[in-house]
Amino acid sequence: MPEGPELHLASLYVNKMCTGVVFTGPVRKSEVSKSPDVPFACEAYLITAASRGKEVKLTLTPMKSVKEGRADRPMDVVFRFGMSGCFRFTAEDELPKHAHLRFYSRETPSRVLSFVDARRFGSWQPNGTWQPDRGPCIMFEYGSFREKIASHLSDRAFDKPICEVLLNQKFFNGIGNYLRAEILFRSNIPPFVPARTVLEDVLENKKAVQNEITDIKTSGGTKRKQVTEETGDLLRLCHTVPLEVVNLGGKGYDPQKSDYSDFKAWLQCYYVDGMKSIRDHNGRTMWFKGDAGPLAPKDSKAQKTKKRAKKEDDHDYTEKKKVASSRCVSSSKKNVVKRKTVTTKTPKKEKASGSAEAGSRKVNAPQLGKGSTARRKKNSSAESAGGELMNFAPSYKEVKTSEPLERKVKVVPVAGPQRRRSERVTRQNSK
């Protein structure tokens with residue numbers, strides 16, 4: 001999620017890319033965006049940017065018309081980046097997929113300044129101003145920021161743990177999740193201690209910040225000086241740590257870059273291997289080292305994670321990784337062969353089950369003739385009187401043989417009583 005340093009770098013990016021570029025026409029919004037339309041259209045205007053905490057303001061300044069000799073009124077559009085907002089300046093045919101607000105230049109071919117937000121949590125406000133509920137900027141309004149904290153320590157907001165108070169934009173405008181982890185880690189303060197207690201000690205003691213200068217290798221192999229602030233004033237660290245991110249060097253703010261090695265080298269706590277993580281009362285993950293503090297959530301347990309190492313292993317294309325992947329493929333092939341052999345044995349099992357079913361059918365076969373046995377008993381009484389009808393009522397004992405199931409049950413025509421009478425009459429007549 002973009003925090004104060006990222007939004008300030010975004011404003012620097014807009015000023016750098018749009019210097020000397022004349023924009024024209026209306027401001028266009030994407031069809032899927034639910035943010036308001038920007039009612040601004042001009043033949044020629046310029047764009048400048050400024051930041052304050054977690055907000056960026058674009059100022060659209062119309063140029064004087066040569067014919068009329070006057071200029072239209074400028075408009076301020078205030079942006080809040082949400083989870084994934086950023087600015088991109090590209091050619092018109094290379095427009096980003098999630099460009100939800102677009103400013104077109106007067107060139108041929110035209111270029112476009114776009115507000116890109118893939119997750120669409122960001123927003124903008126035409127004719128907007130800085131939100132009055134937000135506190136002074138931690139980076140560029142440090143004096144006012146410190147005074148507001150000192151004058152509002154009695155507020156109920158400071159009853160919460162210090163890690164949760166640091167995300168309150170009413171007092172800490174620009175602090176986000178990774179900044180609070182780095183600030184508390186460098187000040188050696190547990191995350192879940194009462195915020196009022198910590199800040200009272202800071203304002204009363206006014207400890208000086210102890211600096212340590214170390215060398216850090218950048219992605220290009222060169223060494224760069226970095227100021228590591230180990231202990232001292234927490235409020236001072238809220239001001240200096242974000243400025244370290246701004247002054248990291250390298251390419252600076254660039255939404256297209258994929259090399260964040262300098263930023264990862266700068267991190268000391270956030271997502272660093274060996275650190276603990278726990279979810280605060282608002283569900284946000286807090287990274288820290290040592291004891292969590294007395295106000296830690298009871299249901300949550302601190303866990304050590306190595307997520308970054310897993311991600312790097314997933315993108316490891318060395319020879320060891322290739323050998324490991326080939327072993328995985330070979331083992332999977334063996335499993336497939338085993339499965340095939342198991343499937344070839346299944347017909348035998350089916351034959352065995354078929355034989356078992358045959359035995360059950362052999363036992364159950366005599367039960368199919370319950371009605372006919374009743375008839376035999378009735379006919380036997382008639383045969384004792386009539387004599388010759390015994391030959392037309394074979395018993396089931398004569399049907400059973402020692403052959404397989406398909407041949408054990410023979411189809412024997414059963415003569416009905418009317419047919420037996422007619423056959424007896426014909427035999428008597430023939431005699």
Side-chain angles (χ1 to χ4, degrees), residues 1-12 49-59 76-83 85 121-125 127-187 189 191-207 209 229 232-246 270 280-282 284 286 295:
M1 181 177 181
E3 303 181 17
E6 286 73 34
L7 272 80
H8 178 65
L9 291 171
S11 65
L12 297 179
S51 69
R52 182 178 183 267
K54 285 192 175 184
E55 295 178 301
V56 171
K57 180 171 64 178
L58 294 189
T59 301
D76 291 332
V77 185
V78 178
F79 290 83
R80 298 167 191 95
F81 281 17
M83 296 293 293
F121 287 106
S123 62
W124 59 81
Q125 180 183 0
N127 295 313
T129 58
W130 304 124
Q131 281 186 337
D133 294 338
R134 291 180 179 268
C137 180
I138 55 173
M139 294 183 290
F140 305 110
E141 298 173 340
Y142 175 65
S144 301
F145 155 69
R146 194 178 183 99
E147 290 176 2
K148 184 170 184 178
I149 298 296
S151 60
H152 289 79
L153 272 182
S154 59
D155 289 2
R156 295 178 59 187
F158 293 95
D159 295 339
K160 298 180 179 180
I162 184 62
C163 66
E164 297 178 8
V165 174
L166 285 176
L167 296 183
N168 190 341
Q169 301 302 299
K170 183 179 179 180
F171 302 103
F172 297 87
N173 186 11
I175 299 293
N177 209 30
Y178 83 82
L179 281 177
R180 70 168 178 173
E182 295 297 323
I183 292 169
L184 292 175
F185 174 77
R186 300 178 191 208
S187 58
I189 297 176
F192 292 95
V193 295
R196 184 179 292 105
T197 303
V198 174
L199 295 174
E200 284 177 350
D201 293 341
V202 168
L203 294 172
E204 289 177 2
N205 298 332
K206 297 182 180 179
K207 296 178 181 179
V209 179
E229 298 170 352
D233 192 337
L234 175 67
L235 296 180
R236 182 71 181 175
L237 291 176
C238 291
H239 168 66
T240 57
V241 172
L243 290 178
E244 290 182 16
V245 181
V246 175
Y270 183 75
D280 61 16
H281 296 90
N282 299 319
R284 303 288 300 275
M286 177 66 210
L295 299 181

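- Residue P161 comes nearest to P191 through the heavy atom pair CB-O, 3.8 Å, listed as atom of the first residue, atom of the second, then distance.
- Annotation: side chain of L9 is in contact with side chain of V246 (closest heavy-atom distance under 4.5 Å).
- Under the 4.5 Å side-chain criterion, counting only non-hydrogen atoms from C-beta, L234 is in contact with I183.
- The two residues P5 and G174 come nearest to each other via the heavy atoms CD-O, 4.4 Å.
- Evaluation of the side-chain contact (heavy atoms from CB on, under 4.5 Å) rule for L235 yields F145, R146, I149, F172, L199, V202, L203, D233 as partners, not counting sequence neighbours.
- Both tests pass for K148 against the ring of F171: distance under 6.0 Å to the centre and angle within 45° of the axis.
- Ring orientation note: the planes of F192 and H281 are nearly perpendicular, at an angle over 60° on the 30°/60° scale.
- Taking all atoms of both residues into account, the shortest heavy-atom contact from I138 to P242 is CD1-CG, 3.7 Å.
- Nearest heavy atoms, G85 versus P2: O-CG, 3.8 Å.
- A heavy-atom distance below 4.5 Å is found between the side chains of L166 and C238.
- Contact record, S11 with V56: CB-CG1, 4.5 Å, taken as the closest heavy-atom pair.
- Atom CG of L58 is separated from atom CG of D76 by 9.0 Å, given to the nearest 0.5 angstrom.
- Annotation: salt bridge (charged side-chain N to carboxylate O under 4.0 Å, His left out) contacts involving residues 155-180, sequence neighbours excluded, comprise D159-R196, R180-D280.
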- Task: I would like to know whether F79 and L7 meet side-chain contact (heavy atoms from CB on, under 4.5 Å); could you show each step before the answer?
- Result: CA-CA 10 Å; F79 290 83; L7 272 80; over 6 Å; no
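- Contact check for Q131 versus R80: side-chain heavy atoms found under the 4.5 Å cut-off.
- Interatomic distance, L237 CG to E244 CD, rounded to the nearest 0.5 Å: 8.5 Å.
- At a threshold of 4.5 Å between non-hydrogen side-chain atoms, the residues E6 and V245 count as touching.
- In this structure, CD in E200 is found 10.5 Å from CZ in F158, a value given to the nearest 0.5 Å.
- A salt bridge (charged side-chain N to carboxylate O under 4.0 Å, His left out) check over residues 128-144, counting only residues at least two apart or in different chains, returns the pairs R52-E141, E55-R134.
- Atom SG of C163 sits about 9.0 Å away from atom CG of N282, to the nearest 0.5 Å.
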- Task: Kindly determine whether N173 and W130 satisfy side-chain contact (heavy atoms from CB on, under 4.5 Å), including the steps that lead there.
- Result: CA-CA 11 Å; N173 186 11; W130 304 124; over 6 Å; no
